[in-house]
Q: 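The structure under discussion is supplied below as structure tokens; questions concerning it will follow.
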Number of protein chains: 2
Amino acid sequence: MMISNTKNADSVTSCGSCSVRAVSFCSAVPHRDLGVLARSRHQIQFRRRETIVREGDAAVSFFNVTAGIVKLYRSLSDGRTQIMGFRFPGELFAIAETSRYGTTAEAVTDVETCRYPRARLKRLTSSFPQLQAKLLQMSYREQVASDDHIFLLGRKTAREKIATFLLRYGREACQGIGGKGRHVNLPMTRTEVADFLGLTTETVSRVLTSLARESIITVGVSRSVGLIDIDSLTRMSGK
Amino acid sequence: MMISNTKNADSVTSCGSCSVRAVSFCSAVPHRDLGVLARSRHQIQFRRRETIVREGDAAVSFFNVTAGIVKLYRSLSDGRTQIMGFRFPGELFAIAETSRYGTTAEAVTDVETCRYPRARLKRLTSSFPQLQAKLLQMSYREQVASDDHIFLLGRKTAREKIATFLLRYGREACQGIGGKGRHVNLPMTRTEVADFLGLTTETVSRVLTSLARESIITVGVSRSVGLIDIDSLTRMSGK
DNA sequence: CGTGATATTGAATTGCATCAAGCTAAGTGG
DNA sequence: CCACTTAGCTTGATGCAATTCAATATCACG
């Protein structure tokens, strides 16, 4: 069994040939300076279910996702858990300038990241002023996503929540997978979907089977969902 | 009756003597360059209930609150409304780099703002690199607040929501008002509280009277609330 | 092929919403 | 300055969407 959290020589990628560079914050670093960036980061992998950073711990690193999906969440001692959001390849997490991490980050799938010391960030942004503009842009985009999520949690019904989720994350999570682009393999469990949408697993399950009975979706094995009637889903997503 | 939305000569403030400068984004502009900033902005007032920007409109300006409170919200055609957050003096809104405003902004109290053309922002940030760092810091702080709100909406009960709100916004909204620092005059209506917390006005009212019966708070006239047993409130806020 | 983790389904419960009055306070115009 | 008006707030009765509790079913994996 492979030990995780270790650099795996096979998978070390140079920044120049990185698959997420185009969409990631590193796109703000000029090509000829990528060496500076590469020297600042460690490439770290995590296996599904592994905790990457823990809410409340001293915030020493920030991360860039290069492969896989990360969830950011908070839990109460009584077990109530809310997932604030997911991070996909090219997205950053644990970057807010606070002394302690504000959320726990956990690998939803096997994940590859670049880890940077936060202390290095100041030096990087002063070396590459574009970087700050890029970080700001990414932060604003996150804010828009948070506002969407706030509306969903505060005012949408279970059906609307699920419809929104299937359209929004189904697509994002599995671009390029499945026939006709409307068959998605959800990477997250029912519990994770529920903890994201402010529901229970039972309710998620019930809504999915009810949508399937109405032939709006199909529910297959291993978290595959077919989006049959996207128009209905869109209408019921409450937009 | 005064016409709103007009510059009122009496209340024009120079940036140098602005009451919110210390805490606002303009603190990143050196004192000797405040003239540049002042020439970029219009000071605009809004009366309680006035809409400042409308969701979906072309995003031409961003605003800095200098007095009063602004709410940011989205509505569905069926009337469901969710307030994403409030903006207090020194805070920015409508600044995310999108072509259209993502939320409606409305004055909760009489409000004074500085309005800037978005087109000017690029020039300002390139003139004052500190500004970008400040904007990023403010954006991250907002993100933390959004995460708090997401948890509240997704996982807290009505009582926990109200307790959290009273502690968090009661204090913030009325610093310096009232005896012993624990008597707050909520500036927002029950409907606004409800639309912020994902509840109905009736539930807000019921929870408040129930907390009053338990002598945890007192509910007075004109939205004044006395926080009697702050420890109980803190415990029940679900932190 | 068995075992633990995930997912579904059913029945009962409940927290909050909805519907429906009434009440209170703050304006507003006479 | 007072009666009228209306927006805002409270309270009560009832309904229902989603949770909770409890089995069972199915999948993934060694």
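A note on names: the letters A, B, ... follow the listed sequences, proteins ahead of strands, and every chain is numbered from 1. Owing to the predicted nature of the structure, the values given are computational and were not obtained by experimental measurement.
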Q: Considering heavy-atom distances to DNA chain C, does Arg206(A) or Gly198(B) have its closest nucleotide positioned more toward the 5' end?
A: Arg206(A)
Q: In terms of side-chain heavy atoms of Thr200(A), which of dA18(D), dT19(D), dC19(C) is nearest?
A: dT19(D)
Q: Assess the side chains of Glu160(B) and Thr164(B): does a donor N or O sit below 3.5 Å from an acceptor N or O?
A: no
Q: I want to verify a distance call: between dA18(D), dA17(C), dT6(C), whose nearest atom is closest to the Leu199(B) side chain?
A: dA17(C)
Q: To the nearest Å, give me how far apart CG (Leu197(A)) and P (dT19(D)) are.
A: 10 Å
Q: Identify whether any heavy atom of Ser205(B) sits under 4.0 Å from a base atom; if not, whether one sits that close to sugar-phosphate; answer base, sugar-phosphate or nothing.
A: base
Q: In whole Å, I'd like the distance from the CD1 atom of Ile162(A) to the P atom of dA7(C).
A: 12 Å
Q: Counting the atoms with a prime plus P, OP1 and OP2 as sugar-phosphate, which does Thr209(A) contact under 4.0 Å by heavy atoms, base, sugar-phosphate, or nothing?
A: sugar-phosphate
Q: Could you tell me whether Val207(A) contacts a base, only the sugar-phosphate backbone, or nothing, with contacts defined as non-hydrogen atoms closer than 4.0 Å?
A: nothing
Q: Between Val221(A) and Thr203(A), name the one whose nearest nucleotide on DNA chain D is closer to the 5' end.
A: Thr203(A)
Q: Starting at atom CG of Leu208(B), determine the distance to atom C1' of dT11(D), rounded to an integer number of angstrom.
A: 14 Å
Q: Answer with yes or no whether the side chains of Ser210(A) and Arg159(A) bring together a donor and an acceptor at under 3.5 Å.
A: yes
Q: Write down the distance between CZ (Arg213(B)) and P (dT11(D)), rounded to a whole number of angstrom.
A: 7 Å
Q: Would you mind reading off the distance between Arg155(A) atom CZ and dC16(C) atom C1', rounded to a whole angstrom?
A: 11 Å
Q: When you measure from the side chain of Glu202(A), which nucleotide among dT10(D), dG8(D), dT9(C) comes out closest?
A: dT9(C)
Q: Do Gln143(A) and Ser146(B) have side-chain N/O donor and acceptor atoms under 3.5 Å apart?
A: yes
Q: Rounding to a whole Å, what distance do you find between Arg48(A):CZ and dA5(C):C1'?
A: 10 Å
Q: Roughly how many Å is it from CZ in Arg80(B) to P in dA17(D), rounded to a whole number?
A: 13 Å
Q: Taking the inter-plane angle between the rings of Phe86(B) and Phe165(B) on a 0 to 90° scale, is it parallel (under 30°), tilted (30 to 60°) or perpendicular (over 60°)?
A: tilted
Q: Between P on dC23(C) and CZ on Arg190(B), what's the gap in Å once rounded to a whole number?
A: 19 Å
Q: Using a cut-off of 4.0 Å on non-hydrogen atoms, how would the nucleic acid contact of Arg49(B) be classed: base, sugar-phosphate, or nothing?
A: sugar-phosphate
Q: Starting at the 5' end of DNA chain D and moving along, which residue's nearest nucleotide shows up first, Ser222(A) or Val204(A)?
A: Val204(A)
Q: State whether Glu192(B) and Arg49(B) are salt-bridged, where the test is any N-O pair (Lys NZ or Arg NE/NH1/NH2 against Asp/Glu carboxylate O) under 4.0 Å.
A: yes
